[in-house]
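Numbers here simply count residues along the sequence, with the first being 1. As the structure lists them, so they are numbered: ligands from 1, and atoms in each ligand from 1.
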Amino acid sequence: MTRIPEMEQPSLPPSLWAATAEPAPALESLQGAIRADVLIVGGGYTGLSAALHLAEAGRDVVLLDAGEPGWGASGRNGGQVIPGLKDDPDALEQRLGKKAGARLVETVGGAADEVFALIREHGIACDAVQEGWIQPAHTDAALVTATARARQWEERGVPIRLLSADEVHARIGCSPIYRGGWLDPRGGTVQPLSYARGLAKAALKQGAQLFRQSRVQGLETDGSGWKARTAEGSVRADSVILATNGYSDGLWPGLSRSVVPVFSQQLATRPLPEDLRDRVLKGGVSASDTRRLLWYFRLDRDGRLLMGGRGTMDRPGLDQGAPLLQALHRLFPDTRDIDPEFVWAGRVAMTADHLPHLHVLDRQVFAGLGFNGRGVAMATVMGRLLAQLANGAGPESLPFPVTPLKPIPFHGFRGAAVRAMVQYYRFLDARDARRHGG
Ligand SMILES: Cc1cc2nc3c(=O)[nH]c(=O)nc-3n(C[C@H](O)[C@H](O)[C@H](O)COP(=O)(O)OP(=O)(O)OC[C@H]3O[C@@H](n4cnc5c(N)ncnc54)[C@H](O)[C@@H]3O)c2cc1C
């Protein structure tokens with residue numbers, strides 16, 4: 001359909017995850033012409049989960065990634081497995097109506113459990129820990145909102161815990177800057193690149209064919225199906241799933257313009273000394289706060305403290321972790337003498353309505369993207385839903401709304417708009433911090 005210029009084939013960018021992940025599966029690039037029932041473009045959690053579910057259903061699946069499985073956001077994220085979406089359960093039910101909303105809430109509420117169940121089922125080695133996720137509130141107003149959110153989950157049977165400010169600081173082991181918060185026991189952490197590689201290995205085991213360094217450069221109709229071209233090969237398939245999220249290129253008209261890719265940056269310290277490790281993020285809990293440009297933090301399996309933050313339109317340089325380091329030192333003053341060991345960044349795909357989007361783009365062409373920084377659990381679920389569509393399920397049978405593709409107006413000006421928004425949010429977060437000591 002669209003011919004895009006051949007691009008440099010990317011190698012895996014350096015990060016904590018790249019340095020400590022399970023080995024990648026041995027894959028080759030696509031050479032020559034092959035056939036499949038379903039072609040999947042993109043090897044992050046969305047594409048890999050779709051490949052695994054389709055292969056388990058006995059379909060002949062080919063997955064192509066421009067880099068390798070986990071090359072995109074799936075190999076670089078914070079590894080926090082968080083159930084739910086940005087919208088609270090009541091808001092989702094208001095948006096979609098009681099019945100459809102309740103189905104969606106059940107699906108997204110179960111997303112983290114689905115990830116951990118998949119990990120257990122396929123024996124994926126990825127340092128999976130399901131010890132809960134804390135959302136600490138940075139202002140009194142944010143605490144009111146967070147408490148209402150927690151209560152809504154509680155009304156739906158989730159054994160959440162509301163935490164006083166003292167409890168938050170004791171569990172996180174941080175400076176007393178939060179007003180309180182809540183703990184969601186469904187949340188947890190994974191080594192994100194190992195999780196992606198584990199999904200890839202599970203899909204291979206079920207018979208899927210995966211190729212690395214195989215950017216799809218063009219997609220066109222071919223009789224009753226589709227034909228995708230790479231630099232050195234082609235795939236004919238009855239159905240196509242586009243799972244390219246924040247790394248979408250011009251392959252499908254309008255797809256990359258339906259999301260705004262914003263960089264999120266992370267740093268990881270050297271492993272904390274034992275005494276500090278005992279005090280910080282006790283019991284393997286992880287956290288992301290309520291700031292507009294949120295801070296998120298966790299430990300890795302070796303006791304490194306990771307801190308991440310949003311968000312700029314421009315790729316941050318590796319020497320530009322300074323603001324994040326300042327935030328880390330403010331939050332965890334005892335880390336002042338511990339050097340950061342890794343700094344890296346990746347693209348978060350934001351949508352205008354803050355919801356992920358599921359599309360039927362054409363006859364047997366499907367896409368799922370726009371996880372707004374909450375994709376470890378949700379992209380895994382989205383992959384399953386895409387697999388169901390490609391396997392013949394009707395859109396109305398899914399617990400997730402299928403919506404038309406809507407490119408964001410004035411997308412060309414997104415750089416300036418996001419920069420202005422980030423400056424404004426930074427100002428508001430700094431103002432809140434001055435007022436509340438956060
Ligand atoms: C720094 C950072 C921190 C984050 N932290 C968290 C977190 O703690 N918790 C959470 O829930 N979420 C987090 N997220 C979000 C989460 O990582 C994503 O939502 C999720 O990984 C999206 O998965 P995906 O498969 O849809 O996309 P991706 O993993 O980005 O995969 C897309 C793939 O498509 C491939 N591709 C693109 N175009 C083509 C083409 N033409 N041909 C072939 N291949 C192509 C790319 O190579 C890429 O591998 C974070 C994201 C970032 C960047």
Quiz item: More than 12 non-hydrogen atoms from neighbouring residues, nucleotides or ligands closer than 6.0 Å to CD on Glu341, yes or no?
Solution: yes

Quiz item: Around atom CD of Glu28, are there more than 12 heavy atoms of other residues, nucleotides or ligands at under 6.0 Å?
Solution: no

Practice problem: Answer yes when Glu106 and Arg156 have at least one side-chain N-carboxylate O distance shorter than 4.0 Å, and no when they do not. | Solution: no

Quiz item: Between Asp302 and Arg270, is there a salt bridge with N-O shorter than 4.0 Å?
Solution: no

Location of contacts on [X] toward ligand 1, heavy atoms closer than 4.0 Å:
{"X": "Trp344", "value": "neither"}
{"X": "Gln266", "value": "side chain"}
{"X": "Arg347", "value": "backbone"}

Self-check item: Backbone of Arg347 reached by a side-chain donor or acceptor of Arg76 within 3.5 Å
Solution: no

Practice problem: Ignoring hydrogens and angles, tell me if any N or O in the side chain of His169 forms a donor-acceptor pair with the backbone of Tyr178 under 3.5 Å. | Solution: yes

Which is closest to [atom] by heavy-atom distance: [options]?
{"atom": "atom 25 (O) of ligand 1", "options": "Thr46, Val348, Val81", "value": "Thr46"}
{"atom": "atom 41 (N) of ligand 1", "options": "Leu251, Asp65, Asp249", "value": "Asp249"}
{"atom": "atom 38 (N) of ligand 1", "options": "Val190, Thr189, Thr244", "value": "Thr244"}
{"atom": "atom 23 (O) of ligand 1", "options": "Gly42, Gly44, Ser214, Ser74", "value": "Ser74"}
{"atom": "atom 2 (C) of ligand 1", "options": "Asn77, Leu242, Val216, Thr380", "value": "Asn77"}

Can you sort out which atoms of ligand 1 are near [X], meaning under 4.0 Å from one of its heavy atoms?
{"X": "Val376", "value": "9 (N), 10 (C), 11 (O), 12 (N)"}
{"X": "Leu64", "value": "43 (C), 44 (N)"}
{"X": "Gly79", "value": "8 (O)"}
{"X": "Val41", "value": "40 (C), 42 (N), 43 (C)"}
{"X": "Tyr296", "value": "1 (C), 2 (C), 3 (C)"}
{"X": "Phe371", "value": "19 (O), 22 (C), 26 (O)"}
{"X": "Arg76", "value": "1 (C)"}
{"X": "Arg374", "value": "10 (C), 11 (O), 12 (N)"}

Quiz item: Would Gly373 count as a contact of ligand 1 if the rule is a heavy atom under 4.0 Å away?
Solution: yes

Quiz item: Heavy-atom contact under 4.0 Å between Ala243 and ligand 1?
Solution: yes

Quiz item: Rounded to the nearest 0.5 Å, what separation is found between the CG atom of Leu369 and the NE2 atom of His357?
Solution: 8.0 Å

Self-check item: Lys86 and Arg374: CA distance, side-chain angles, deciding distance, side chain to side chain contact (heavy atoms under 4.5 Å, CB included) verdict
Solution: CA-CA 8 Å; Lys86 287 284 157 73; Arg374 281 269 185 106; 4.0 Å; yes

Practice problem: Take Tyr45 and Phe371 through the ring pair (Phe, Tyr, Trp, His ring centres under 6.0 Å) test and state the conclusion after the steps. | Solution: CA-CA 11 Å; Tyr45 305 138; Phe371 301 103; 9.2 Å; no

Exercise. For Asn372 and Thr351, run side-chain hydrogen bond (donor to acceptor under 3.5 Å, both in side chains): C-alpha distance rounded to whole Å, both residues' side-chain angles, the deciding distance at 0.1 Å, then the answer.
Key: CA-CA 7 Å; Asn372 293 278; Thr351 56; 3.1 Å; yes

Quiz item: Are Gln266 and Ser264 close enough that a side-chain donor and a side-chain acceptor fall under 3.5 Å?
Solution: no

Quiz item: Ser239 and Gln364: side-chain donor and acceptor closer than 3.5 Å?
Solution: yes

Any nitrogen or oxygen of [X], side chain or backbone, less than 3.5 Å from one on ligand 1?
{"X": "Ala66", "result": "yes"}
{"X": "Ala73", "result": "yes"}
{"X": "Gln80", "result": "yes"}
{"X": "Ile82", "result": "no"}

Quiz item: Taking Arg149 as the fixed residue, which of Asp87, Asp184, Asp88 is the one that meets the side-chain hydrogen bond (donor to acceptor under 3.5 Å, both in side chains) rule?
Solution: Asp88

